[in-house]
2 protein chains.
Amino acid sequence: MNDIKQFLRSNALRPTKQRIIIAGYLFDGTNKHVTAESLSTELAKRKHTISLATIYNTLHDFYENGLLKKLTLSADRVYFDTNTGDHHHFYSEKEQFLIDINKKIKVNGLPKTPKNKKINKIEVIVHLDK
Amino acid sequence: MNDIKQFLRSNALRPTKQRIIIAGYLFDGTNKHVTAESLSTELAKRKHTISLATIYNTLHDFYENGLLKKLTLSADRVYFDTNTGDHHHFYSEKEQFLIDINKKIKVNGLPKTPKNKKINKIEVIVHLDK
DNA sequence: TATCAGTTTAGAATGATTCTAAAGTGTTGA
DNA sequence: TCAACACTTTAGAATCATTCTAAACTGATA
Ligand SMILES: [Mn+2]
Ligand SMILES: [Mn+2]
Ligand SMILES: [Zn+2]
Ligand SMILES: [Zn+2]
């Protein structure tokens with residue numbers, strides 16, 4: 001709890017009640033993929049009611065500070081990922097299935113990068129079926 | 001034009017005025033990435049006014065018949081791709097930059113597929129910066 | 001502890017997409 | 001040929017994730 005406060009402070013984020021609760025849930029040591037909605041539901045289970053606006057604000061604040069990654073897998077919800085390392089995903093939209101691929105993946109055969117652009121990141125999504 | 005009619009019929013799609021116009025634009029031989037909005041704009045330039053509802057309907061009809069692929073690159077719009085072959089993309093959300101990678105790409109080092117699932121497709125998105 | 005910038009929140013707004021239901025059209029069998 | 005009907009188009013309303021607004025609240029600071 002004081003660790004969480006320190007953690008937030010060290011990221012230039014004022015440790016408010018809401019951020020402490022959210023950070024406590026998100027950064028408990030297990031990697032998580034959440035949406036604003038799913039996070040809200042989890043917090044509600046734990047009897048914490050934080051407005052959706054604050055949940056959105058906080059997810060973005062954390063994202064902007066590099067504490068979360070953002071995943072665009074489906075057109076109608078954004079996932080935030082507590083695993084900020086370089087990794088990829090198995091994903092099934094139909095089954096809401098999303099898990100990390102932490103093994104090193106190598107992508108071979110890329111053509112040269114378009115003129116005046118540089119590669120920011122390579123994302124591999126392995127779409128699964130039943 | 002009669003080719004387009006035949007083309008639509010051969011895909012179990014009734015060749016309506018609107019579908020003929022849209023197919024004529026989309027399948028002119030050059031690969032395209034469109035959103036409902038961008039397609040509407042292009043058609044308007046050509047003095048064709050087709051309701052947005054029909055544009056959405058038609059894109060989905062074409063997609064369902066395998067004439068288009070769907071790309072989820074950004075959380076707030078869906079791209080449809082006339083290149084239905086196996087390929088990948090260079091993409092920059094900020095710059096609305098999206099181009100095909102038609103070279104064969106190989107992804108090495110994937111862990112084994114989760115139990116009872118099978119790989120439907122592997123998607124590689126190369127995110128670019130300026 | 002007063003002050004103030006930063007934060008939370010309810011509720012309104014936004015915007016892409018989907019839905020509804022009524023009017024229009026392509027197909028087809030007689 | 002053409003009536004009959006299933007399929008299609010469309011305007012406008014609805015949906016829904018997300019963002020915005022602006023007022024109340026609170027952590028930090030001296
Ligand atoms: Mn949506
Ligand atoms: Mn949106
Ligand atoms: Zn992940
Ligand atoms: Zn493409």
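Given the structure is predicted, the values throughout are model-derived calculations rather than measurements. The figures here come from the full heavy-atom set of this structure, side chains too, leaving out hydrogens, waters and symmetry mates.
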Give the rounded distance in Å between these two atoms: [atom1] of [X] and [atom2] of [N].
X: Arg77(B); N: dT18(D); atom1: CZ; atom2: C1'; result: 15 Å
X: Asp76(A); N: dT15(D); atom1: CG; atom2: C1'; result: 11 Å
X: Arg19(A); N: dT7(C); atom1: CZ; atom2: P; result: 4 Å
X: Lys70(B); N: dA16(C); atom1: NZ; atom2: P; result: 17 Å
X: Ile20(A); N: dG6(C); atom1: CD1; atom2: C1'; result: 15 Å
X: Ile4(A); N: dG27(D); atom1: CD1; atom2: P; result: 15 Å
X: Leu8(A); N: dG27(D); atom1: CG; atom2: P; result: 13 Å
X: Ile22(A); N: dT7(C); atom1: CD1; atom2: P; result: 13 Å

Roughly how far, to the nearest 0.5 Å, is [atom2] of [Y] from [atom1] of [X]?
X: His127(B); Y: Ser92(B); atom1: NE2; atom2: OG; result: 10.0 Å
X: Thr113(A); Y: Asn120(A); atom1: OG1; atom2: CG; result: 11.5 Å
X: Asn108(A); Y: Asn108(B); atom1: CG; atom2: CG; result: 5.0 Å
X: Thr72(B); Y: Glu93(A); atom1: OG1; atom2: CD; result: 6.5 Å

Quiz item: For the residue pair Asn102(A) and His87(A), what are the closest heavy atoms and their distance?
Solution: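 That would be OD1-CB, 3.6 Å.
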Self-check item: Close residues, residues 55-66 of chain A, relative to DNA chain D [heavy-atom separation under 4.0 Å]
Solution: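 When residues 55-66 of chain A is checked for heavy atoms under 4.0 Å from DNA chain D, the hits, listed by number, are Tyr56(A), His60(A).
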Cation over ring face, [X] and [Y], 6.0 Å, 45°:
X: Lys32(B); Y: Tyr25(B); value: yes
X: Lys70(B); Y: Tyr79(B); value: no
X: Lys69(B); Y: Tyr63(B); value: no

Quiz prompt | First encountered from the 5' end of DNA chain C, between Tyr79(B) and Ala12(A) | solution =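 With Ala12(A) and Tyr79(B) compared, the 5'-side residue is Ala12(A).
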Quiz item: Contacts to DNA chain C from residues 44-53 of chain A, heavy-atom cutoff under 4.0 Å, which residues?
Solution: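 Heavy-atom cutoff 4.0 Å gives Ile50(A), Ser51(A), Ala53(A).
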Quiz item: Just by protein heavy atoms under 4.0 Å, how would nucleotides 24-30 of chain C read 5' to 3' in B, S and -?
Solution: -BBS---
Exercise. Flag the pair Phe90(A) / Phe97(A) as yes when their ring centroid distance falls below 6.0 Å, and as no otherwise.
Key: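 Aromatic pair excluded; centres sit 6.0 Å or further apart.
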Exercise. Quick one: sort the His60(B) and Tyr56(B) rings into parallel, tilted or perpendicular, breaks at 30° and 60°.
Key: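 Geometry flag for Tyr56(B) against His60(B): parallel rings.
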Quiz item: How are the rings of His89(B) and His33(B) set to each other: parallel, tilted or perpendicular (split at 30° and 60°)?
Solution: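 Rings of His89(B) and His33(B): perpendicular, over 60°.
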